[in-house]
2 protein chains.
Amino acid sequence: MLSLSKKTDYGLLALSHLTKLKEGEAASARELAIEFAIPTELLAKIMQRLARADIVRSISGPSGGYRLSRPAKEISIASVISAIEGTPAFTQCTKSDGTDCDQLTRCTIRKPLAHIHAKILQMLSLITLAEFDESDSTTYPVVLMSQAAKPRTTTVMPLYGHKNED
Amino acid sequence: MLSLSKKTDYGLLALSHLTKLKEGEAASARELAIEFAIPTELLAKIMQRLARADIVRSISGPSGGYRLSRPAKEISIASVISAIEGTPAFTQCTKSDGTDCDQLTRCTIRKPLAHIHAKILQMLSLITLAEFDESDSTTYPVVLMSQAAKPRTTTVMPLYGHKNED
DNA sequence: TCGGTCTCCGACTAATTCAGTCGGATATAC
DNA sequence: GTATATCCGACTGAATTAGTCGGAGACCGA
Ligand code: FES
Ligand code: FES
């Protein structure tokens with residue numbers, strides 16, 4: 001349900017740590033794994049993918065490790081997600097051009113759904129790792145949803161009781 | 001990877017059909033299933049959930065069926081998603097208040113991630129079934145959030161432009 | 001040169017989630 | 001009363017996802 005995988009979660013966690021490193025410093029996969037209590041091998045694999053996507057650079061040998069391959073403000077979380085999870089798709093239809101959607105030709109929901117997908121992607125591509133760390137120190141003006149859908153009681157549109165901020 | 005489940009896809013499909021019905025008309029689960037080539041029993045279950053969330057109203061007996069319980073423009077797709085898929089969560093941390101996140105207390109990515117989650121939810125709650133049908137025939141007129149997050153710099157975001165080739 | 005530490009990579013298994021099925025109950029129109 | 005409809009929960013199988021394992025190659029320091 002619109003959720004990122006655990007791997008992405010781990011990846012972002014590790015990246016946010018790398019962001020804080022000084023110039024020339026590197027953190028090994030194991031080091032990061034211990035720091036965040038993530039299975040070492042799993043984190044290693046995630047880092048490999050990030051390295052292949054040129055988000056992170058690997059340094060072999062002892063005293064080696066990983067470091068960001070570019071400034072944090074140039075790394076969008078969209079790129080991180082696609083590096084770790086592969087093909088992003090909001091619905092089955094948005095995957096390709098709808099080739100895999102068989103007899104649903106009269107489907108009316110494809111275009112609007114694709115549009116939403118694009119919106120989300122755009123939004124994710126505008127947020128960088130740099131933002132992540134800033135918001136760490138400052139209070140985030142966020143109000144999440146309070147509850148999910150409620151069973152047929154009130155006629156008031158429940159939706160998500162969250163307010164918009166900026 | 002940020003995708004909706006097939007069930008939600010089916011549900012939206014069925015709802016978009018119900019939107020086109022005239023006052024007093026109803027469509028049965030089987031009818032809808034055949035129309036869109038969806039397994040009958042599966043669609044029936046989906047409709048049940050929508051009914052429980054008061055998105056759709058059921059009429060028992062022969063010549064019965066389903067119809068929208070309120071105007072299409074008052075049904076957001078966010079409510080549809082949460083009705084069908086249950087708890088929406090962008091990351092594992094956003095599920096509850098972070099209770100299930102054990103030793104990741106020093107995690108720096110929770111707040112910004114929650115923020116993104118809220119953004120997406122907000123966006124989804126602003127789009128209604130009415131928009132869905134409009135956009136079918138016309139070019140998309142929707143002016144949702146024009147800007148997601150402040151880009152901080154004019155840096156062009158890579159999006160999916162990672163080059164794994166050397 | 002040598003050995004230990006590290007990244008690198010693919011294939012494998014286990015766990016969880018999702019899709020789809022089935023059987024039976026109740027309500028209603030004819 | 002019967003046929004057709006919703007309704008509900010529990011079940012199985014399929015597909016993802018999470019996590020594991022083993023080995024190859026790179027680098028540093030002794
Ligand atoms: S469900 Fe695939 S095109 Fe609409
Ligand atoms: S990963 Fe759960 S609080 Fe950050």
Side-chain angles (χ1 to χ4, degrees), chain A residues 1-11 13-14 18 25-34 36-67 69 81 84-89 91-92 95 100 151-152, chain B residues 1-11 13-14 18 25-34 36-67 69 81 84-89 91-92 95 100 164 166:
Chain A
M1 51 294 260
L2 273 183
S3 58
L4 294 172
S5 70
K6 231 177 211 173
K7 290 183 193 172
T8 307
D9 217 19
Y10 293 159
L13 214 40
L18 292 185
E25 283 184 331
S28 72
R30 179 163 56 179
E31 189 180 333
L32 290 168
I34 293 174
F36 295 110
I38 301 170
T40 311
E41 298 300 328
L42 183 57
L43 208 242
K45 197 165 70 172
I46 295 171
M47 296 311 288
Q48 285 160 27
R49 291 208 191 161
L50 290 176
R52 207 183 323 181
D54 198 36
I55 289 171
V56 124
R57 188 138 312 184
S58 68
I59 303 162
S60 303
S63 79
Y66 292 97
R67 59 185 174 83
S69 68
I81 293 174
I84 297 178
E85 311 212 2
T87 342
T91 44
Q92 334 305 112
K95 281 177 185 167
D100 46 352
R152 54 169 80 198
Chain B
M1 49 295 261
L2 273 183
S3 57
L4 294 173
S5 70
K6 231 178 212 174
K7 289 181 194 171
T8 307
D9 216 19
Y10 292 159
L13 215 40
L18 292 185
E25 283 185 332
S28 73
R30 179 163 59 180
E31 190 179 332
L32 290 168
I34 293 174
F36 295 110
I38 302 170
T40 311
E41 298 299 329
L42 183 57
L43 207 242
K45 199 165 68 172
I46 295 171
M47 296 311 289
Q48 285 161 28
R49 293 208 192 163
L50 290 176
R52 207 181 325 181
D54 199 35
I55 289 171
V56 125
R57 188 138 312 185
S58 69
I59 303 163
S60 302
S63 79
Y66 292 96
R67 59 185 173 84
S69 69
I81 293 174
I84 295 178
E85 312 212 3
T87 341
T91 43
Q92 335 304 112
K95 280 177 185 169
D100 46 351
N164 12 7
D166 308 73

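Everything quoted here is computed from the prediction, not taken from an experiment. Side-chain atoms are counted along with the backbone in the values below, which use heavy atoms only and exclude waters and symmetry mates.
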Round to a whole Å and report the spacing from NZ of B/Lys45 to P of D/dA10.
11 Å
I need the B/Ile55 CD1 to B/Met47 CE distance, nearest 0.5 Å.
9.5 Å
Find the distance B/Leu13:CG to C/dA19:P and express it as a whole number of Å.
14 Å
Tell me: CD1 of A/Ile59 to C1' of C/dT5, nearest whole Å?
14 Å
Report the C-alpha separation of A/Ser69 and A/Val56 in whole Å, then their side-chain angles, then the decisive distance to 0.1 Å, and conclude whether the side chain to side chain contact (heavy atoms under 4.5 Å, CB included) test is met.
CA-CA 5 Å; A/Ser69 68; A/Val56 124; 5.8 Å; no
Nearest-angstrom distance from the residue atom CG of A/Asp9 to P of D/dT17
15 Å
Please report the distance, rounded to the nearest Å, between CD in B/Gln48 and C1' in D/dA5.
12 Å
Could you check which of C/dT21, D/dT20, D/dT6 has an atom nearest any side-chain atom of A/Glu41?
D/dT20
Shortest non-hydrogen separation from B/Leu18 to B/Ala27 and the atoms involved
CD2-CB, 3.8 Å
What contact category does B/Ala44 fall into here, base, sugar-phosphate, or nothing, at under 4.0 angstrom with non-hydrogen atoms?
nothing
Does A/Arg30 have a side-chain nitrogen or oxygen under 4.0 Å from the phosphate oxygens OP1 or OP2 of C/dC6?
yes
Please give, in whole Å, the distance from D/dC8 P to B/Leu42 CG?
16 Å
Nearest to the side chain of A/Ser28, which nucleotide is it out of D/dC8, C/dT7, C/dT28?
C/dT7
OP1 or OP2 of C/dA19 under 4.0 Å from side-chain N/O of B/Tyr10
no
Locate the shortest heavy-atom distance separating B/Phe36 from B/Ala14; write the atom from each residue and the value.
CE1-CA, 4.3 Å
To the nearest Å, give me how far apart CD1 (A/Ile46) and C1' (D/dT20) are.
13 Å
Return the CG to CG distance between A/Leu50 and A/Leu43, rounded to the nearest 0.5 Å.
9.0 Å
Whole Å only: how far is the NZ atom of B/Lys6 from the C1' atom of C/dT17?
14 Å
The nucleotide from C/dA19, C/dG20, C/dT7 with an atom nearest the side chain of A/Ala29 is C/dT7
